[in-house]
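Scroll down for the structure; my scribbles are underneath it.
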Amino acid sequence: QVQLVESGGGLVQAGASLRLSCVASGGIFSSYVMAWFRQAPGKEREFVAAISLAGGSTYYADSVKGRFAISRDNAKNTVYLQMNSLKPEDTAVYYCAGTQIGFISRAPDRYAYWGQGTQVTVSS
């Protein structure tokens, strides 16, 4: 089983950028479709972005398309989320997640493995 640890969150002003990282251990990283989700206070966990096994395909929520970019480095067992032009509504705990279903999904229940989350706060 894979263990996931996120980092890179923080407090920034609107318009700034952050890069989140998620390092995997204990599994064959290249066999996992990886995704980022987020959860704001009082709201359900929502899909942000996902990336295929080799990184050739990506998928984004409409709310972040054009501002966020997901990537992965299988040699480093790491998935990244580059977040640009951040908005206050991006404030949430961001989670990375992994699945071995073999295809990209935006449904949280498709992902069996989750990190502990990293807080992103965007001030106006």
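Bear in mind the structure is a predicted one, so any value in this text is a computation, not a measurement. Each residue takes its place number in the sequence, starting with 1.
Checked options V64, I70, L20; the residue passing with V48 is V64 (criterion: side-chain contact (heavy atoms from CB on, under 4.5 Å)).
A cation-pi arrangement is not found for R106 relative to Y59, the charged atom failing to lie both closer than 6.0 Å to the ring centre and inside a 45° cone about the ring normal.
Put simply, OG on S17 and CZ on F68 are 9.5 Å apart, with the number rounded to the nearest 0.5 Å. One finds the OG1 atom of T58 at 9.5 Å from the NZ atom of K65 (value rounded to the nearest 0.5 Å). One finds the OH atom of Y95 at 15.0 Å from the CG atom of L81 (value rounded to the nearest 0.5 Å). Expressed to the nearest 0.5 Å, how far CD of E6 lies from OG1 of T78 amounts to 12.0 Å. Taken from CG in L53 to OH in Y32, the straight-line distance is 11.0 Å, to the nearest 0.5 Å. Atom CD1 in I51 sits 12.5 Å away from atom SG in C96 (nearest 0.5 Å).
Considering all non-hydrogen atoms of both residues, S31 and Q100 come closest at OG-NE2, 3.2 Å. For the pair S105 and F47, the tightest heavy-atom approach, listed with the atom from each and the gap, is O-CE1, 3.8 Å. Between I104 and A50, the shortest heavy-atom contact is CG2-CB, 3.6 Å. Taking each heavy atom of A24 and L4 in turn, the nearest pair found is CB-CD2, 3.6 Å. Closest of all the heavy-atom pairs between Y60 and A49 is CD2-CB, 3.6 Å. Here the closest heavy-atom approach between residue G26 and residue Q3 is recorded as CA-OE1, 3.9 Å.
Follow the hydrophobic side-chain contacts under 4.5 Å out from V12 and you reach Y94 in the same cluster. Note: the hydrophobic cluster containing V2 also contains W36 (ILVMFWY, side chain heavy atoms under 4.5 Å, direct or indirect links). Linking Ile, Leu, Val, Met, Phe, Trp and Tyr residues whenever their side-chain heavy atoms come within less than 4.5 Å leaves Y80 and L18 in two separate clusters.
Using modelled atom types, no side-chain atom of D90 and backbone atom of A14 make a donor-acceptor pair closer than 3.5 Å. The backbone N or O of V5 lies less than 3.5 Å from no partner atom in the side chain of Q116, so there is not a single donor-acceptor pair. Within the 3.5 Å criterion, the main-chain N or O of R110 finds a donor-acceptor partner in the side chain of T99. Between the side chain of T91 and the backbone N or O of V122, at least one donor-acceptor pair lies under 3.5 Å.
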Take S21 and K76 through the test side-chain contact (heavy atoms from CB on, under 4.5 Å) and record every step on the way to the result. CA-CA 11 Å; S21 299; K76 295 183 178 180; over 6 Å; no
Give the C-alpha distance, both sets of side-chain angles, the deciding distance and a yes or no for side-chain contact (heavy atoms from CB on, under 4.5 Å) between M34 and F29. CA-CA 9 Å; M34 298 300 297; F29 182 67; 3.8 Å; yes
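Two residues are said to be in side-chain contact when any heavy atoms from C-beta on lie closer than 4.5 Å; M83 and R67 fail this criterion. A heavy-atom distance below 4.5 Å is not found between the side chains of V93 and F37.
When the shell of 6.0 Å around CD1 of I28 is examined, it contains 12 or fewer heavy atoms from other residues, nucleotides or ligands.
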